[in-house]
Every structure is written in C-alpha cells, then in structure tokens.
Amino acid sequence: MDSTQCSHHTRAMELTRVENEMLDGTHGPAKRRAMQGLVQLGRAFGAPRMVEIGYAHIHAGMALYLDDVELMEELADIGAAMAVPASVNIANADTVNWRQTGAPEKLVRLQQRATTAHHKMGSACTYTCTPYWAGHWPTWNTHMTSIESTVTVFCNSVLGAKSNRDGFFAVYAGITGRYPLFGYHVDANRRGTQLFHIEAPLDGTTDYSCLGFHVGRIVGEGVPVFSGLPARPSLDELDALGAALATSGGVALFIVPGVTPPFADLAQAFGGGKLPDAIKVSRRDVDAVYDYFCTGTAGGFDIVHVGCPHASFEEMKHYAALLRDQRVHDGVEFWITTSRAVRGMAEEAGLLRVLEGAGAKVISDTCPISCHFARTTSPDPKLGVVPPPIRTVVVDSAKQAKYVRDMIRCDTMLTGTREAVETALTGQFVARRS
C-alpha cells in the first residue's frame with residue numbers, strides 16, 4: 001500500500017503532523033509500516049485520532065513458527081526501534097536453561113534469533129506474561145498496549161493504565177509510540193457492566209483463579225464488578241483473578257471498588273447509574289471449577305506445574321517455604337515458571353538454591369503450554385519438534401488448566417498451590433483442602 005492510498009484511508013482520523021510524517025515514510029520504513037497498520041486498526045474501530053502511549057508489551061517472535069521469527073528480524077533490519085519502554089512476551093523456549101526442559105536445540109537457536117532482533121529494536125527481553133513483576137509497572141492513566149491478555153487485564157484493573165487486547169498491533173504501537181483512541185482507552189468505556197456479589201470464602205491464588213474462570217464464562221467481554229470479597233485481595237490474587245477472567249471470557253477490565261483506580265465505590269464503578277441486580281457467587285460455584293478441571297487420575301500425572309501466570313517474587317518465597325528441607329518424589333517432573341528477572345531475584349535471595357535443591361525445575365521465558373509440548377502449533381518440520389506423550393498435568397491455575405487442555409490436549413488435575421507442591425513431594429495427587 002503506497003502513501004497516497006494510506007492518506008486516503010486516514011480521512012476519518014485526525015493525525016498530527018508527526019503521525020502523518022510516519023505514515024509518508026519521513027521517519028523510515030519501519031515507522032511507515034507500523035503506522036499503516038495502526039491507521040487501518042483505528043479506521044476499523046472508528047477511532048477519531050491516535051493517543052501517545054507510554055509503554056508496550058510486545059510479541060516475542062515465536063520460534064515454533066519460522067515466519068514469525070523472520071518477521072521480527074525483518075522489522076529490525078529495516079530500522080524498527082521501540083519508541084517507548086517495551087517488554088517482550090513469553091517465548092517458545094527457555095533460551096538460557098533450555099536443556100532442562102528437553103527443548104530441541106534447533107528450536108532454541110531459532111528463538112535466540114528473535115532475541116537478537118529484539119536487542120536491535122531496543123526491547124527489554126523479559127520473555128514473560130507478568131512483566132510487572134519484572135519492574136514494568138505502568139501507572140494510572142498511562143495509555144499502553146499489550147499482546148498478552150493477562151497483562152492487559154492486570155494493568156487496566158489493578159494499575160489503572162489503559163489498554164486493549166491488542167495482538168501483533170502492540171509491536172506497531174511500540175515502534176510508533178501511538179495507538180488509536182478506542183476501546184478501553186476511552187474513559188466512557190471503563191465502566192462496569194455486571195455486578196457479582198461474592199458469598200464464598202476465598203483463600204489463595206487458586207481460589208481467585210477459579211472465581212475468575214467462573215465469572216468470565218458469565219460476563220463474556222463485559223466488565224465485571226466485584227462486591228463482598230472476604231478481604232482485600234493480594235497482588236498475586238488479583239493477578240490470578242484477572243488471568244482467569246481473560247481466559248474463560250474476553251475480559252480486559254474488572255473493577256474491585258477501592259482497589260481499581262479510580263473507583264472508590266459501586267456507584268462510581270457503574271458511572272453513577274442504577275446498580276444492576278447482583279449475581280451471587282457461592283463456594284459451590286468456585287468448587288465446580290476445581291471439579292471441571294480434574295479429569296485425570298490421581299496417580300497418573302506427568303508434570304506438576306506452578307507459576308501461571310509467571311510467578312512473582314512473593315510466590316517464589318512461598319514455594320521455597322513449602323519445599324525447604326524436602327525432596328521432590330522420584331520420577332516426578334516439577335516445574336516452576338517465572339520471568340528471568342524474578343528468577344534472578346530468587347537466586348540472589350537464596351531461594352533458587354532451595355527450590356532446585358529440592359528437585360524443582362525453575363524455568364524462565366516459557367511454560368508448558370508455550371513450549372514444545374504444545375500439539376496445536378504448526379512447527380517447521382526441520383526443527384525436530386515432536387511433542388512428548390503427556391497424559392495429565394497437575395496445575396494450580398484455572399488459566400493453565402484451560403490451555404493445557406486446549407494446547408497440550410491432555411487431562412488436568414487442578415488443586416491449590418500448597419497441595420500441588422505436596423503432590424510433587426509425595427507422587428500422589430492431593431486435592432485442594434477446604
């Protein structure tokens with residue numbers, strides 16, 4: 001598409017001088033390509049103009065798809081550079097400690113090519129779905145962009161930043177520092193659509209994950225507002241809640257009055273209008289999610305996995321406390337996934353020594369559903385990727401359970417974090433205790 005055609009397509013959008021210069025190629029081919037894509041996106045959603053963003057969480061370039069890596073290399077070769085701070089989403093391999101996951105070396109080398117491209121573009125190679133635990137913490141009213149639904153919902157709902165669920169357009173937004181004004185970038189859209197009153201006791205991230213999965217199935221792409229929570233959720237519990245909402249539904253924003261900026265109460269959460277009738281959530285509803293994701297057999301699992309979304313430093317401390325002076329059962333594969341930044345903090349604090357000394361594998365950059373275990377990818381046959389036969393994965397996250405089912409295509413056993421660790425230690429599945 002040439003610049004004349006692009007100018008024709010922008011008549012419905014008001015662009016600044018600099019944005020028009022990006023579009024006509026004054027600032028180079030990378031910015032031109034990126035702005036072309038963003039203008040098309042904006043026109044599709046009726047955006048009147050662009051907004052300046054302050055942060056981007058962008059696509060890694062997935063090594064299971066050769067063309068995907070080559071696209072990132074092509075952008076780097078034509079001079080693409082991040083105009084704002086940019087973190088990189090999860091990848092298909094732990095590019096540093098890849099041998100402990102059994103990843104094919106050819107896959108890892110290809111993933112490392114994507115890393116080289118990101119270095120050229122000035123991206124922070126975080127390779128995580130929780131870049132906020134790695135220090136990327138966009139503040140209230142910051143317009144941003146994210147390819148990862150967990151990042152979108154956390155930043156919207158906990159930090160008060162403004163983001164849509166963006167896909168590859170996050171890369172283009174990072175290159176230009178711009179994004180079309182629509183969706184959750186518009187204050188009028190940042191309002192509750194349904195009210196959920198929680199009548200269930202909740203304890204820990206897995207309970208909040210199950211709550212989110214239950215509510216997400218009801219609310220779809222709406223904005224759930226929560227009342228009646230038994231206590232102010234921790235950051236990790238809010239993270240688990242949002243990740244599950246974004247998995248079973250298309251949720252990009254939830255509201256907990258008194259937690260989600262700037263909503264102090266239910267009236268503000270619904271824009272001052274009449275409050276809708278509350279949908280009550282019982283403990284039975286939460287427990288039903290545990291039951292839904294327990295389809296395997298107690299003694300027939302292949303992997304125990306915690307750290308979905310990627311674990312925070314606080315969660316790493318919790319795992320270490322549960323594993324200290326103990327040993328993972330012989331023959332049990334126990335994965336803890338986290339960002340390389342949190343892994344580094346855990347190493348400095350002496351936690352990594354405890355975790356690995358107990359027999360856990362602390363893995364960064366990827367996770368079971370994003371690595372070579374996935375059966376729903378279309379890898380280049382030259383990579384030698386043959387997904388291993390996996391019967392059952394024990395998890396402590398409803399999000400991970402859903403995607404294990406969909407991508408690894410095996411059974412799951414969902415339980416609490418403490419019980420998942422106990423499962424790894426005993427070699428027998430331990431169900432969540434009330």
Side-chain angles (χ1 to χ4, degrees), residues 200-217 233-234 236-237 239-241 243-245 247-248 281-312 314-324 326-329 331-338 355 358-363 367-369 373 390-408 410-434:
L202 300 170
D203 180 26
T205 57
T206 313
D207 273 7
Y208 275 88
S209 179
C210 290
L211 170 64
F213 195 87
H214 170 72
V215 170
R217 288 192 289 192
S234 69
D236 288 318
E237 289 167 342
D239 194 26
L241 173 64
L245 284 165
T247 298
S248 61
V281 180
S282 68
R283 184 68 219 186
R284 181 177 296 178
D285 296 321
V286 175
D287 289 341
V289 179
Y290 282 97
D291 293 339
Y292 177 73
F293 284 119
C294 281
T295 57
T297 57
F301 56 86
D302 299 277
I303 299 172
V304 178
H305 172 242
V306 297
C308 176
H310 270 179
S312 69
E314 294 302 310
E315 288 177 307
M316 297 293 277
K317 289 196 296 185
H318 183 47
Y319 305 149
L322 294 173
L323 284 168
R324 192 175 298 277
Q326 304 211 61
R327 183 72 190 173
V328 170
H329 194 272
V332 171
E333 186 94 351
F334 182 35
W335 281 31
I336 299 171
T337 51
T338 188
L355 298 169
K361 293 182 178 181
V362 181
I363 294 159
C367 74
I369 59 173
F373 292 169
I390 296 176
R391 299 164 296 170
T392 303
V393 180
V394 176
V395 294
D396 69 340
S397 158
K399 172 182 179 175
Q400 185 73 343
K402 171 70 166 63
Y403 287 126
V404 165
R405 291 258 192 101
D406 290 351
M407 300 179 73
I408 301 179
C410 70
D411 286 326
T412 55
M413 298 293 282
L414 176 61
T415 189
T417 301
R418 183 180 295 275
E419 291 84 0
V421 173
E422 190 175 342
T423 297
L425 293 172
T426 62
Q428 291 294 316
F429 177 70
V430 180
R432 183 197 174 277
R433 302 183 183 94
S434 301

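Note that the numbering runs from 1 along the sequence shown for the chain. As the structure is a prediction and not an experimental result, all values here were calculated from the model.
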Residues which pass side chain to side chain donor-acceptor pair (under 3.5 Å) with Glu315, listed by chain and number, not counting sequence neighbours | none
Flag the pair Cys294 / Phe429 as yes when at least one side-chain heavy-atom distance between them is below 4.5 Å, and no otherwise.
-> yes
Note, His305 side chain near Ile336 side chain (heavy atom, < 4.5 Å) = no
Mind checking whether Val393 and Phe373 have side chains closer than 4.5 Å, heavy atoms only?
-> no
Who pairs with Glu314 by side-chain contact (heavy atoms from CB on, under 4.5 Å), at least two apart in sequence or on another chain?
-> Asp236, Ser312, Lys317
Lys402 side chain near Phe213 side chain, heavy-atom distance below 4.5 Å | yes
Under the side-chain contact (heavy atoms from CB on, under 4.5 Å) test, which residues partner Glu419, sequence neighbours left out?
-> Thr415, Val430, Arg432, Arg433
Does a sphere of radius 6.0 Å around CG in Asp203 hold more than 12 heavy atoms from other residues, nucleotides or ligands, not counting ones at 6.0 Å or beyond?
-> no
Do Val421 and Phe334 come close enough that some side-chain heavy atom pair is under 4.5 Å?
-> yes
Closest non-hydrogen atom pair, Ser209 against Ala398 = OG-N, 2.8 Å
Among Thr295, Asp302, Val404, find the residue that satisfies the side chain to side chain contact (heavy atoms under 4.5 Å, CB included) test when tested with Cys410.
-> Val404
Taking only Lys NZ, Arg NE, NH1 and NH2, and the carboxylate oxygens of Asp or Glu, determine whether Asp291 and Arg284 approach each other closer than 4.0 Å.
-> no
